[in-house]
Amino acid sequence: MRSVTGTGLVVAALAATLAALLFPIWSFADRAGAGGDVNTQTVATSFGPLSALDRDFVNRVRLAGLWELPAGQEAQQRGTVPAVREAGDHLVEGHAALDRHVREVAAQLGLALPDRPNAQQQQWLAELGAARGAAYDRKFANILRLAHGKVFTVVAQVRATTRNSLVRGLADDANRTVLDHITMLERTGFVDFDAIAEDAATSSPAPSPSAPPPSLDAAPATPPAAVTPSATYSLPPPATPPATATGGATRAPESAESPGDRRQHPRENEKK
């Protein structure tokens, strides 16, 4: 009797363990089939596969509008020079249109969007709100330019890899908008490009050790095409002409005789 009871307990424990292992799989399959926002997997939609990167991009576009649009409105009022106020105009117009687009895409894909800026963006808005005069102009240009530069790289990655037609169209729209804003911010004359380059260098991932930088000591195997002596060659001619071509090379000058030499030709003498 004790043996039977012990065996039953072991079987029950094994069954409970198996159920615990399978439950996450069943739960995930149910959510994926319903088209939910599963951040670790690609979800099938009628517009093409929707990857985790795609969903993150849609979220980023919405977040950008939530703080850059009010930042642009503030620049319209507080910019001390016309270039800053004009950049504010472009931010307001661009993000108003882009926000409409991202909300349409999210509705069609069944994605939930944030309704307030994140902590970093709220800090930027507070920093801009505390600045005055020319200091405000500089902070506006540099904070917004730095933020747009980071988003620009994400847009390029998504546009190059997405298989979802709605996300692809949103990436095209975001690319045009972000590039326009970068251009207008740089036209203010307040952007510190050295600081942007330094930020990019410190935030970039380290080069892969499996891909060492090319050696600068290695000479090219063939001369560059730009220094090819003759346009009739698709590749540069050999450094030393073949022995069979020596005769042709020495006779070539004879075909370009001077007028004095041509008067000594036998046929010329016969004519005379």
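Note that these values count all heavy atoms, side chains included, but never hydrogens, waters or copies made by symmetry. Here the structure is a predicted model, which is why all the values come from computation and not from measurement.
- His148 and His181 share a side-chain donor-acceptor pair at under 3.5 Å.
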Please table the atom pairs, donor to acceptor, closer than 3.5 Å between any side-chain atom in residues 186-197 and protein atoms at least two apart or in another chain.
from, atom 1, to, atom 2, distance (Å)
Glu186, OE2, Arg145, NE, 2.9
Glu186, OE2, Arg145, NH2, 3.3
Thr188, OG1, Leu185, O, 2.6
Thr188, OG1, Phe190, N, 3.3
Asp192, OD1, Asp194, N, 3.2
Asp192, OD1, Ala195, N, 3.2

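- A salt bridge is defined here as a Lys NZ or Arg NE, NH1 or NH2 lying under 4.0 Å from an Asp or Glu carboxylate O, and Asp115 with Arg62 fails to meet this definition.
- Contact between Ala75 and Gly88 at its shortest, heavy atoms only, is CB-CA, 4.0 Å.
- Shortest non-hydrogen contact noted between Gly65 and Pro70 is O-CD, 3.8 Å.
- By the 4.5 Å heavy-atom criterion applied to side chains, Val105 and Val61 are not counted as neighbours.
- Linking Ile, Leu, Val, Met, Phe, Trp and Tyr whenever their side-chain heavy atoms come within less than 4.5 Å leaves Val81 and Val92 in two separate clusters.
- The closest side-chain heavy-atom distance from Asn59 to Leu63 is below 4.5 Å.
- Between Leu166 and Glu104 there is no side-chain heavy-atom pair separated by less than 4.5 Å.
- Leu69 is not connected to Val151 by any chain of hydrophobic side-chain contacts under 4.5 Å among Ile, Leu, Val, Met, Phe, Trp and Tyr, and they are in different clusters.
- Checked by atom type, the side-chain pair Asp180/Thr177 shows no donor-acceptor distance below 3.5 Å.
- Both Phe47 and Leu111 belong to a common hydrophobic cluster when Ile, Leu, Val, Met, Phe, Trp and Tyr are linked at side-chain heavy-atom distances under 4.5 angstrom.
- A salt bridge is defined here as a Lys NZ or Arg NE, NH1 or NH2 lying under 4.0 Å from an Asp or Glu carboxylate O, and Asp99 with Arg103 meets this definition.
- Phe57 has its side chain out of reach of Val102: every pair of non-hydrogen atoms, C-beta onward, lies at least 4.5 Å apart.
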Give the intermediate values and the outcome of side chain to side chain contact (heavy atoms under 4.5 Å, CB included) for residues Trp67 and Leu144. CA-CA 10 Å; Trp67 83 277; Leu144 271 297; 3.8 Å; yes
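- Residues Phe152 and Met184 do not share a hydrophobic cluster, defined by chaining ILVMFWY side chains whose heavy atoms lie under 4.5 Å apart.
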His90 vs Thr183, side chain to side chain contact (heavy atoms under 4.5 Å, CB included): CA-CA, chis, key distance, verdict: CA-CA 10 Å; His90 280 246; Thr183 302; over 6 Å; no
Would you list the atom pairs, donor with acceptor, under 3.5 Å between side chains in residues 167-174 and any protein atom, with sequence neighbours excluded?
from, atom 1, to, atom 2, distance (Å)
Arg168, NH2, Thr162, O, 3.2
Asp172, OD1, Arg159, NE, 2.6
Asp173, OD2, His101, ND1, 2.8

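- Across every non-hydrogen atom of Gly79 and Tyr136, the tightest pair is N-CE2, 4.0 Å.
- The cluster map of Ile, Leu, Val, Met, Phe, Trp and Tyr, joined by side-chain heavy atoms under 4.5 Å apart, puts Val155 and Ile182 in the same cluster.
- Annotation: side chain of Arg163 is in contact with side chain of Thr42 (closest heavy-atom distance under 4.5 Å).
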Side chains of residues 120-128: which donor-acceptor partners sit under 3.5 Å, not counting sequence neighbours?
from, atom 1, to, atom 2, distance (Å)
Gln121, OE1, Asn118, N, 3.0
Gln122, NE2, Pro117, O, 2.7
Glu127, OE2, Lys139, NZ, 2.9

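- When all heavy atoms are compared, the tightest approach of Leu53 to Thr161 is CD2-OG1, 3.8 Å.
- Between Arg85 and Asp89 there is no salt bridge, since none of the side-chain N atoms of the basic residue sits less than 4.0 Å from a carboxylate O of the acidic one.
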